[in-house]
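I have placed the structure first, in the form of structure tokens, so that the comments after it can refer back to it.
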Amino acid sequence: MTEFKPKIIAFLCSWCSYAGADKAGGQKLRYPANILVVRVMCTGRVDPRFVLKAFREGADGVMVLGCHTGDCHYRNGNMKAMKRMRLLSRMLPQFGIVKERLMFNRVSGGESELFQKLATEMTENITLMGPLKIEGFVKTEGAL
Amino acid sequence: MSKPKVAVIWNASCGGCDESLVDIEDKIIDLADKVDFVLWPCAMDFKYNDVAAMKDGEIDITLVNGGIQNSGQEKIVKLLREKSKIIVAYGSCAWLGGVPSLINLKNKKDSFAVNYLDCPSVINPGKKVPMAKSMADGYELELPEIFDTLYTLDDVIDVDYYLPGCPPMPAMIINALGELLGGKLPPKGTILSPDISLCLSCSRNGTKPDRMVMGEIQRIHEIIADPDQCFLNQDVLCMGPATRDGCGYPCITGNMPCTGCMGPMKNQDQGAKMISALGGIIDGYDEEAVDRILDGIPDPAGTFYRYSTAASYLGRRREKNR
Ligand code: SF4
Ligand code: SF4
Ligand code: FES
């Protein structure tokens with residue numbers, strides 16, 4: 001069996017976590033290459049639908065990283081995101097997806113090491129959990 | 001000129017959709033005058049063999065209600081697809097899976113256990129559950145095979161139009177039948193109700209404050225609901241923001257919050273949409289405070305996808321992934 005390399009989609013706020021990830025790159029901090037970054041203007045832009053769609057189309061884990069509380073450039077986009085992701089992670093287990101497959105956290109532009117740590121931890125956790133195995137719609141997967 | 005031929009069929013549904021056709025009152029008599037019903041198991045006595053003997057495309061309109069949950073239903077809708085010019089997914093079950101598709105959060109084994117074995121009011125010493133093949137008095141009996149997953153109609157056959165609602169409201173039915181029988185055909189794939197959220201037509205929409213905040217979530221029976229205020233503003237979940245318009249909000253008029261029976265707007269996932277809306281108005285500054293409020297939604301999937309689990313982005317519970 002080939003080694004399982006998880007696919008993790010990370011929605012990063014352009015103002016903070018994306019800058020943090022960028023800095024991590026600039027400092028040549030190593031973090032796993034499984035993290036596929038989607039840059040968004042604010043975590044408030046991350047519709048729960050994006051997360052579900054990521055899972056449906058093959059992601060084994062999803063990260064949503066935003067500004068620290070009080071630092072959101074659009075005032076409270078990160079608060080909305082926190083609430084949405086918290087509610088969403090209560091629902092995912094009902095569909096058989098353990099809630100740890102979705103991470104919400106906060107990383108500022110300077111915290112390159114924190115980004116490295118979260119990305120590494122997430123990859124390790126998801127690797128232990130194994131692949132999610134959702135491929136396409138019920139229609140294409142089912143018995144019919 | 002011969003009258004248009006119409007068929008009505010039910011699958012995994014409660015019978016409410018058939019009932020709703022009769023509920024269009026005297027218009028049903030007009031309808032019965034204008035068309036020839038060639039199949040309607042709930043109301044008239046026709047045989048599937050009669051349908052099988054028809055020419056392809058001979059039926060003008062077939063109204064299919066209910067999702068597809070067993071091989072018998074699969075067979076008959078496939079047959080009706082061949083014999084019909086137009087297939088309408090009638091009601092939210094055919095369109096989205098409906099309430100029965102909540103079974104997709106479990107599986108066949110769990111549902112058999114609840115319904116035939118563990119239910120306190122069931123006496124079943126032989127521990128019998130439905131089987132596709134069984135023996136009785138030396139005869140082999142065959143029943144349709146029940147699937148593990150409930151499918152939407154368009155998971156199984158090509159569908160021309162969708163009529164939302166649980167069940168569809170009389171005005172919508174009359175409108176839709178008028179259009180389809182009058183030959184005024186909308187583009188294929190049209191969902192026959194406005195593609196905007198229910199809030200936009202709701203009489204209480206104007207009472208929403210500029211900054212709405214839900215400090216807790218209460219069930220409707222726990223409060224004395226104000227008859228004019230938006231339910232969300234009364235800390236009661238209302239699916240209006242994530243639900244398609246077109247029903248005329250009878251529930252709100254009856255002072256009950258919307259549970260979402262008209263389904264989502266185009267290309268939306270009803271649960272994701274509702275989570276998105278709630279994230280914007282739930283109070284609380286830190287995780288603990290937010291969690292306390294969210295404890296008021298003990299069954300998020302069942303609340304947000306009450307009528308649309310089979311058509312949701314995730315579609316069903318996946319057993320294999322931990
Ligand atoms: S949330 Fe409900 S009560 Fe409030 S405006 Fe929307 S449909 Fe009406
Ligand atoms: S108010 Fe909501 S639950 Fe009631 S009929 Fe309309 S969409 Fe359905
Ligand atoms: S701007 Fe960074 S989370 Fe809103």
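Just so it is clear, the model here is predicted, and its values are computed rather than measured. All heavy atoms count here, side chains included; hydrogens, waters and symmetry mates do not. Each chain gets a letter, A, B and so on, in the order the sequences are listed, and its residues count up from 1.
Atom NZ of B:Lys108 sits in a crowded spot, with more than 12 heavy atoms from other residues, nucleotides or ligands closer than 6.0 Å. The number of heavy-atom neighbours closer than 6.0 Å to NZ of B:Lys188, taken from other residues, nucleotides and ligands shown, is above 12. Counting non-hydrogen atoms of other residues, nucleotides and ligands closer than 6.0 Å to NZ of B:Lys273 gives a total of 12 or fewer. Within a 6.0 Å radius of NZ in A:Lys7, no more than 12 heavy atoms belonging to other residues, nucleotides or ligands are found. Atom NZ of A:Lys117 is surrounded by 12 or fewer heavy atoms from other residues, nucleotides or ligands within 6.0 Å. Within 6.0 Å of CD on A:Glu100 lie more than 12 heavy atoms contributed by other residues, nucleotides or ligands.
Each of A:Ala81, A:Pro48, A:Gly77, A:Pro93 has some count of heavy-atom pairs under 4.5 Å with chain B, and the biggest count is that of A:Pro48. Of the residues considered (B:Val290, B:Ile297, B:Thr303, B:Asp291), B:Asp291 shows the highest number of contacts with chain A, using heavy-atom pairs under 4.5 Å. Top candidate by heavy-atom pairs under 4.5 Å with chain A, chosen from B:Ser276, B:Ala277, B:Ser71, B:Gly302, is B:Ser276.
Formation of a donor-acceptor pair under 3.5 Å by the A:Lys80 side chain with backbone atoms of B:Leu278 is not found in this model. In terms of modelled atom types and a separation under 3.5 Å, the side chain of A:Arg49 and the main chain of B:Ala272 share no donor-acceptor contact.
If you measure heavy-atom distances from B:Leu294 to chain A, the contacts under 4.5 Å come from both the backbone and the side chain.
Between A:Arg86 and B:Glu288, no side-chain nitrogen of the basic residue sits less than 4.0 Å from a carboxylate oxygen of the acidic one, so the salt-bridge criterion is not met. Salt bridge A:Arg90/B:Asp295: present, at least one basic N to carboxylate O contact under 4.0 Å.
What you find for A:Gln94 and B:Asp299 is that their closest heavy atoms are NE2-OD1, 2.6 Å. Nearest approach of B:Tyr285 to A:Met82, heavy atoms of both residues: O-CE, 3.9 Å.
Inter-residue side-chain proximity for A:Thr69 and B:Asp286 is flagged as unmet; no heavy-atom pair is nearer than 4.5 Å.
Between the CD atom of B:Glu287 and the NZ atom of A:Lys83 there is a distance of 10.5 Å, given to the nearest 0.5 Å. With values rounded to the nearest 0.5 angstrom, A:Leu52 atom CG is found 5.0 Å from B:Leu314 atom CG.
Figure legend: B:Arg317 and A:Phe95 shown without cation-pi pairing, the cationic atom not lying both under 6.0 angstrom from the six-membered ring centre and within 45 degrees of its axis.
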Evaluation steps, side-chain contact (heavy atoms from CB on, under 4.5 Å), between B:Phe304 and A:Leu87: CA-CA 11 Å; B:Phe304 305 146; A:Leu87 180 49; 4.1 Å; yes
